[in-house]
Structures are given as C-alpha cells and as structure tokens.
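A quick write-up on the structure given underneath.
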Amino acid sequence: MRLSKYFLPTLKEFPKEAKEISHILLLKSGLIKPLMSGVYEYLPLGWRVIMNIQKIIREEMNRIGGQELLLPVLTNREIWDETKRWDDFGEEMFKFKDRNKRDICLAPTHEEVITDLARREIQSYRELPQLWYQIQTKFRDEPRPKGAVLRIRQFIMKDSYSLDRDFDGLAQSFDLHYNAYKRIFHRCGLDVIVVGASSGVMGGSESNEFMFLSESGEDTIVLCNRCDYAANLEVATTRLNPVQGESKEIEKVHTPVSGTVNAVSNLLGKPKELFIKSLLYIVEEKSVFVLMRGDHEVNEGKLASYLGFEFRAATPEEVKKLTGADIGYISPVGINNVDTYADSSLKVSTGMITGANKNEYHIKGVNIERDVKIKEYIDIITVKAGDPCPQCKSGTLKIKKAIELGHLFKLGTKYSKSMKCLFTDSDGIEKPIVMGSYGIGIERIMASVIDKFHDKDGIIWPVSIAPFFVHIIPIDLTNIKVRETSNQIYNTFVKEKFECLIDDRDERPGFKFKDAELIGIPIHIIVGERSLKEGVCEVKLRREEKKSKVSPEKVIAFVKELISKEEKRYEV
RNA sequence: CGGGGCGUAGCGCAGUCCGGUAGCGCGCUUGGUUCGGGACCAAGAAGUCGGAGGUUCAAAUCCUCUCGCCCCGACCA
C-alpha cells in the first residue's frame with residue numbers, strides 16, 4: 001500500500017479527554033474515529049488489525065470444531081420475553097418499533113436466537129453436540145461508555161454456543177473453549193489470567209473470565225500471592241479467622257462521635273475487626289439486617305444472590321423507625337422480629353462491639369451466637385487486599401485492575417428449559433439441550449495489545465496482528481536512486497504478497513519517522529542516500545533500537561527471515 | 001441517574017468574568033526553496049461561535065430552555 005494514497009489520518013494533537021494509553025494511541029494513529037458516544041468508526045489501518053484478530057479467532061474456533069454462522073442483529077421481542085430477558089436487560093437493550101408497531105431490539109447477545117434455532121432444527125441426540133459461532137456486532141446501551149473501545153455501545157464480539165446432550169458434554173465443550181481462548185490470546189501477544197466470575201444476566205452455574213491485567217481495566221480481580229486462586233472481586237471470597245474480643249458480658253459504652261466504625265474504633269482504641277457493622281436493607285417491604293465485620297464492606301452483588309435482585313438499603317428514616325437510633329448506632333441486638341444474615345466470618349465471634357440502638361451509644365461484649373438470632377451465615381463481604389486466601393493455607397490476596405477479554409458461561413439448561421429446546425435422547429426421553437455460551441470482545445483485544453505494546457513514540461504491533469509487516473521509508477524521493485531502490489523493494493514485496501506499506505508522501509524524513517513509529521508496523525526499511533552510498537539500506541524492528549545494514553538485493557530474504565522469527569514469538 | 005467539565009475554521013485551543021460584530025497554532029490551497037528526526041518563505045481559502053428563544057442600539061460574551069460530548073460515581077454480559 002502506498003501511503004500517499006492511503007487513508008491514514010494520524011494526529012499530532014488529540015483531545016485531552018483521552019486518558020487511557022490505548023484511547024490516545026487509537027485516535028492518534030488514525031485507527032478509529034468517534035461517531036457518537038460509545039460508537040466508533042474503524043478506519044482502514046484499525047480495521048486491518050481487527051481483521052487479523054478475527055482471523056486468529058476463526059482459526060482457533062475452527063480448530064475445536066466450531067462452525068461459523070451469522071445470526072441477525074434485528075430480533076423480535078417474543079424470543080426475549082420467553083426468557084424474561086426483555087425486562088432483565090431493560091434499558092441496556094436498544095429497543096424500537098418497526099412500521100407495524102412490533103417491538104424489536106438490536107441483539108446485545110444471541111442466546112435466545114441460538115436456542116430458537118436449535119429447538120426448531122435439533123431433534124435427536126444423534127445431532128449433538130454442536131458448536132456454533134459467529135463474529136458479529138453487538139449492541140448494548142451502556143449507561144456510560146468509556147476509554148474509547150474499552151466500553152462501547154456497538155462492538156464486535158465472537159460469540160459461540162455449545163449444544164450438548166448432558167453436562168459431561170458441556171464440560172468438554174467448556175474445556176475446548178478454555179484451551180482455544182488461551183491459544184487465541186497468546187497468539188495475539190497477550191497474557192491472560194483466568195478468574196472465577198459472576199454469571200449476571202447470563203445465568204448458569206459456572207463462569208470464567210479471561211482477564212488482561214491493566215490499570216485501564218474496569219474489572220477488579222483478586223489474586224493469591226501463593227497459589228493459583230484468582231477471582232473477580234464480584235465473587236471473590238476469603239477465609240477470615242474468627243476474632244474474639246475481651247469482654248464477655250454486654251456493656252453499654254458512651255460513644256459521642258459520628259457512628260462510623262472508624263470513629264468509634266479510634267475513640268475506644270479497639271481494632272475495626274472487633275466491630276459488627278449492621279446494615280439494614282428492605283426486601284419486598286420487609287426489613288433485613290445484614291452483619292459483617294467492621295473491617296470489611298458488604299458486596300451487594302453477593303447479597304443479591306441471597307436476597308434476590310429486588311432489594312435496597314433502608315432510608316435513614318426507616319432505620320430510625322425500626323431501631324430508634326440513627327445509622328451508625330444500630331444493631332440487631334435486642335431486635336428479634338427482623339431476619340438477620342451475618343457474614344460467615346462472624347460465626348463464633350465473641351466480645352464484639354456494635355450499636356446500642358441508641359444514639360451515641362455502642363455495646364461491647366457481644367457474643368453473636370448468644371445475643372443475635374442469625375437466620376443464616378453467608379458470604380457477603382467484599383474481599384480486601386491482604387485478606388487470607390480461601391484456597392491455600394498461607395497465601396494472602398492482592399487486588400488488580402483488569403480488562404475482561406473473554407467470558408465462558410456454563411449456561412446449563414436455563415435457556416433450553418424456558419424456551420423448550422428439547423431433543424430425544426437414546427433412552428427415548430425428551431430432554432433439554434445443555435448449553436454453554438462463550439464470548440470474546442474483539443476491540444478489547446486491540447486496546448489491550450496497544451496497552452501492552454507501546455512506547456513513548458507509539459504502538460509496537462506484534463507481528464501476529466500487525467496491519468502490515470513492513471514499512472518502507474524512503475528518505476528523499478527527489479533522489480532518483482532512493483526512489484528507484486525503495487520502489488523496487490516495495491514491488492518485490494507486493495509480488496510476494498507481503499503486506500507492505502511505503503511512505504511515498506512528499507514529506508520530510510522526520511515527519512515520516514514519527515508517523516512510522518506512531519503506527520508501529522513491526523519492520524521498518526529505511527532507504528536513504530547516505531546508506532545507499534555504502535550500498536545498503538537499513539532494516540529495523542520497531543521494537544528494537546538496533547538497525548541492520550542490508551544490501552537492497554538481500555533485503556527481501558532478510559526481512560522474511562526476520563518476520564518468521566517474530567512470528568515464532570506468538571506461536572502456540 | 002447524581003456530581004464536575006466542555007461545545008468557537010478540518011484538528012487542538014484562546015476570547016465569555018467586564019457586550020461593540022472573531023483570533024492563535026497545526027492542517028488545507030497556490031508558488032518557490034528544502035530533504036537522515038513532525039522544515040522555511042510568500043500569497044490565500046475556510047467559522048450558522050452546538051441549537052432555540054429572550055434582554056439590548058448591539059450578544060461568542062448576559063438570561064431561559066434545549067441538544068451533544070468527555071470525566072468521576074452509580075450501573076454493567
């Protein structure tokens with residue numbers, strides 16, 4: 001490709017609103033342009049990268065027996081009503097009416113469409129398993145898009161769906177994806193961490209997320225410093241040892257400070273872990289106490305799995321009405337008609353401090369089993385850095401930011417049951433198909449690669465997804481020898497079907513070097529009068545400083561060798 | 001949805017407080033010089049000042065409403 005004819009709007013200046021490095025470089029290097037909030041145009045150079053990522057994904061999906069298809073983006077309301085997801089997705093779906101006033105939505109994902117297809121076409125266990133995938137644009141009306149393509153409202157996803165006759169089959173399909181995903185990310189140059197995660201609106205039993213560690217990430221993951229425990233903060237657990245304070249009997253203490261654990265802890269000179277934090281929630285009009293240690297915060301996502309999705313924190317007025325005290329001075333001690341859930345870490349705790357249900361007073365010496373009627377001990381706290389690992393004996397947990405690149409869901413029969421997607425098994429009994437669903441965010445791979453492979457001058461594409469292999473930089477096109485040599489090299493590459501860019505623009509050298517470094521093609525060939533006098537041109541890897549002097553005749557072979565060496569870095 | 005910021009030439013911004021009819025840098029066009037790290041000279045084109053309404057002799061500037069974009073939070077397969 002000749003740069004003089006190529007649409008590559010690189011920027012010298014860019015909006016200061018761009019903060020994440022991937023956002024800055026995507027805009028600066030002319031890979032994408034914004035159209036509206038959370039919607040981007042993918043320009044030729046960026047689209048090449050995306051196509052290369054897709055190519056890797058196709059190869060790996062086909063390798064595990066995936067069959068590519070393409071499902072509609074326009075979908076009718078009825079199928080979403082069958083699984084209640086028309087309402088569950090709510091505002092996140094782009095919804096509208098067609099001219100006949102029928103409800104339509106732009107698909108945010110395709111479980112319903114796949115299940116509908118399968119129930120019409122799959123009748124017998126002989127037709128199972130199936131593994132179908134597509135690379136398709138998805139639409140989600142995110143409340144707040146951000147970081148360029150990290151969270152957008154229209155994005156490209158590889159989504160696959162496995163159909164199996166039983167859960168053993170599902171486990172196999174799941175494993176196939178697990179391994180395919182590892183290969184995909186490795187080939188793209190990314191190291192990923194697999195974490196246990198929440199299934200959210202997708203439902204199902206087990207889910208794994210493939211995470212790329214980055215400060216730009218929106219997800220928070222929890223890792224053990226000793227073993228392989230890794231989980232999304234949404235579901236991460238810990239194993240706190242029960243704590244025992246000194247006092248045995250309940251005793252009221254005057255605490256004339258704001259009722260926060262911090263303030264009271266300072267006042268009394270007692271560590272926060274000896275406090276019981278009492279939160280009041282309203283579930284379907286009923287009050288519910290939720291207790292946890294003073295040194296931890298509640299995890300409302302976990303809470304939802306016990307209380308259901310319809311719950312809210314009680315208002316200050318409701319708190320006062322029930323307990324007679326303000327938030328900060330309350331506890332379930334002495335209040336018997338309210339369901340009380342406690343975090344598992346509170347079990348057998350004694351000598352604890354908590355609110356006295358009277359403003360500016362707390363009580364100490366609380367023995368939770370003796371003094372509070374606990375309906376159930378459950379896991380409801382948000383893990384903190386430094387908490388002990390729930391899996392190994394000696395490890396402690398650390399917390400990192402990450403970008404979610406892929407997600408595997410064991411859906412089980414959630415969709416097949418509600419949509420009656422049944423097959424006849426070999427025993428003659430009609431059973432629901434056992435399903436899995438597996439997604440990869442294509443743009444997020446691109447952003448993550450930039451996040452990992454860049455320097456102060458720009459992007460450094462791994463050769464596996466680079467938009468071109470070679471970038472020829474003729475220093476001075478008015479010099480006939482420079483022009484002829486660079487064109488000759490370029491033509492040979494084209495003939496040999498090597499993706500090659502030549503900067504044949506009438507620009508000065510510095511300008512061309514800057515652009516070349518910005519867009520980050522892996523191999524630069526510099527053709528200038530100075531080196532041609534020595535009978536050579538210069539070949540340089542974008543990721544290295546070192547330049548090699550190679551004669552124009554040998555440059556093709558030299559570069560080919562270099563590319564194949566680079567490719568080895570990303571082979572599986 | 002809450003909090004904050006911003007919409008002025010293709011891009012990045014100043015001008016708004018204190019009203020007087022729009023400017024800077026980059027880019028673009030033409031001509032010339034230059035050519036190993038985002039060149040220089042000369043000439044030039046280009047703006048409904050996000051939109052609507054109002055106040056005023058006069059509005060980018062003041063008032064009201066509205067649309068959009070970004071950031072923080074809430075939310076998020």
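Per chain, numbering begins at 1; letters A, B, ... match sequence-line order. Hydrogens, waters and symmetry mates play no part in the numbers below; they use all other heavy atoms, side chains included.
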Nearest-angstrom distance, [atom1] atom, [N] to [M]:
{"N": "B/G4", "M": "B/C11", "atom1": "P", "value": "28 Å"}
{"N": "B/G73", "M": "B/C26", "atom1": "C1'", "value": "36 Å"}
{"N": "B/C13", "M": "B/C65", "atom1": "P", "value": "28 Å"}
{"N": "B/G19", "M": "B/C1", "atom1": "C1'", "value": "37 Å"}
{"N": "B/G53", "M": "B/C67", "atom1": "C1'", "value": "14 Å"}
{"N": "B/U30", "M": "B/A14", "atom1": "C1'", "value": "29 Å"}
{"N": "B/U29", "M": "B/G50", "atom1": "C1'", "value": "28 Å"}
{"N": "B/A22", "M": "B/U64", "atom1": "P", "value": "27 Å"}

Nucleotides 9-14 of chain B: which of its N/O atoms have a protein N/O under 3.5 Å away?
residue	atom	partner	partner atom	Å
B/C13	OP1	A/K16	NZ	3.1

Exercise. Any side-chain donor paired with an acceptor under 3.5 Å for A/T478 and A/D476?
Worked result: yes
For this session: Ignoring hydrogens and angles, state whether a donor on the side chain of A/S486 or A/Q488 is under 3.5 Å from an acceptor on the partner side chain.
Result: no
For this session: Take A/K277 and A/E297 through the test salt bridge (Lys or Arg N to Asp or Glu O under 4.0 Å) and record every step on the way to the result.
Result: CA-CA 9 Å; A/K277 195 187 286 188; A/E297 302 294 325; 3.2 Å; yes
From the list [options], which nucleotide is the closest neighbour of the side chain of [X]?
{"X": "A/E142", "options": "B/G73, B/C76, B/G37", "value": "B/C76"}
{"X": "A/S531", "options": "B/C69, B/G36, B/C35", "value": "B/G36"}
{"X": "A/E517", "options": "B/C71, B/G37, B/G36", "value": "B/G37"}
{"X": "A/K12", "options": "B/G36, B/G38, B/C69", "value": "B/G38"}

Salt bridge present between [X] and [Y] (N-O < 4.0 angstrom):
{"X": "A/R151", "Y": "A/E142", "value": "yes"}
{"X": "A/E534", "Y": "A/K549", "value": "yes"}
{"X": "A/E82", "Y": "A/R119", "value": "yes"}
{"X": "A/K401", "Y": "A/E215", "value": "no"}
{"X": "A/D88", "Y": "A/K84", "value": "no"}

Exercise. Taking for each residue the nucleotide of RNA chain B bearing the nearest heavy atom, is the 5' side occupied by A/E234 or by A/A18?
Worked result: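 Counting from the 5' end, the first nearest nucleotide belongs to A/A18.
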Exercise. Starting at the 5' end of RNA chain B, which residue's closest nucleotide do you reach first, A/H23 or A/E218?
Worked result: A/H23
For this session: Within residues 405-418 of chain A, find the residues that approach RNA chain B with a heavy atom at under 4.0 Å, and present them sorted by residue number.
Result: A/H407, A/F409
In this structure, how many angstroms lie between the [atom2] atom of [N] and the [atom1] atom of [X], rounded?
{"X": "A/K19", "N": "B/G4", "atom1": "NZ", "atom2": "C1'", "value": "12 Å"}
{"X": "A/R508", "N": "B/G37", "atom1": "CZ", "atom2": "P", "value": "8 Å"}
{"X": "A/R144", "N": "B/C75", "atom1": "CZ", "atom2": "C1'", "value": "10 Å"}
{"X": "A/F511", "N": "B/G27", "atom1": "CZ", "atom2": "P", "value": "8 Å"}

With both distances under 3.5 Å as the test, what is the Watson-Crick or G-U wobble partner of [N]?
{"N": "B/A14", "result": "none"}
{"N": "B/C28", "result": "B/G44"}
{"N": "B/U33", "result": "B/A39"}
{"N": "B/A60", "result": "none"}
{"N": "B/G19", "result": "none"}
{"N": "B/G73", "result": "B/C1"}

For this session: Could you tell me whether the side chain of A/R77 and the main chain of A/C105 form a donor-acceptor pair under 3.5 Å?
Result: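 Here the side-chain-to-backbone pair does not exist.
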Exercise. Counting distance only, does the side-chain N/O of A/E507 pair as donor-acceptor with the main-chain N or O of A/K512 below 3.5 Å?
Worked result: no
Exercise. Would A/F513 count as stacked on B/G37 if the rule is ring centres under 5.5 Å and plane angle under 30°?
Worked result: yes
For this session: To the nearest 0.5 Å, tell me how far A/D159 CG sits from A/S437 OG.
Result: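 The CG atom of A/D159 sits 7.5 Å away from the OG atom of A/S437.
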Exercise. When only distance counts, do a donor and an acceptor, one from the side chain of A/S37 and one from the base of B/G68, lie under 3.5 Å apart?
Worked result: no
For this session: Could you tell me whether the side chain of A/R151 has a donor or acceptor atom within less than 3.5 Å of a complementary atom in the base of B/C76?
Result: yes
For this session: Show your reasoning for whether ring pair (Phe, Tyr, Trp, His ring centres under 6.0 Å) applies to A/F210 and A/F185.
Result: CA-CA 9 Å; A/F210 284 71; A/F185 296 124; 5.8 Å; yes
Between the protein and nucleotides 48-50 of chain B, are there any N/O to N/O pairs under 3.5 Å, and if so, what are the atom names and distances?
none

Problem set entry | A/E41 side chain reached by A/W47 side chain, heavy atoms, under 4.5 Å |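 Sidechains of A/E41 and A/W47: no contact.
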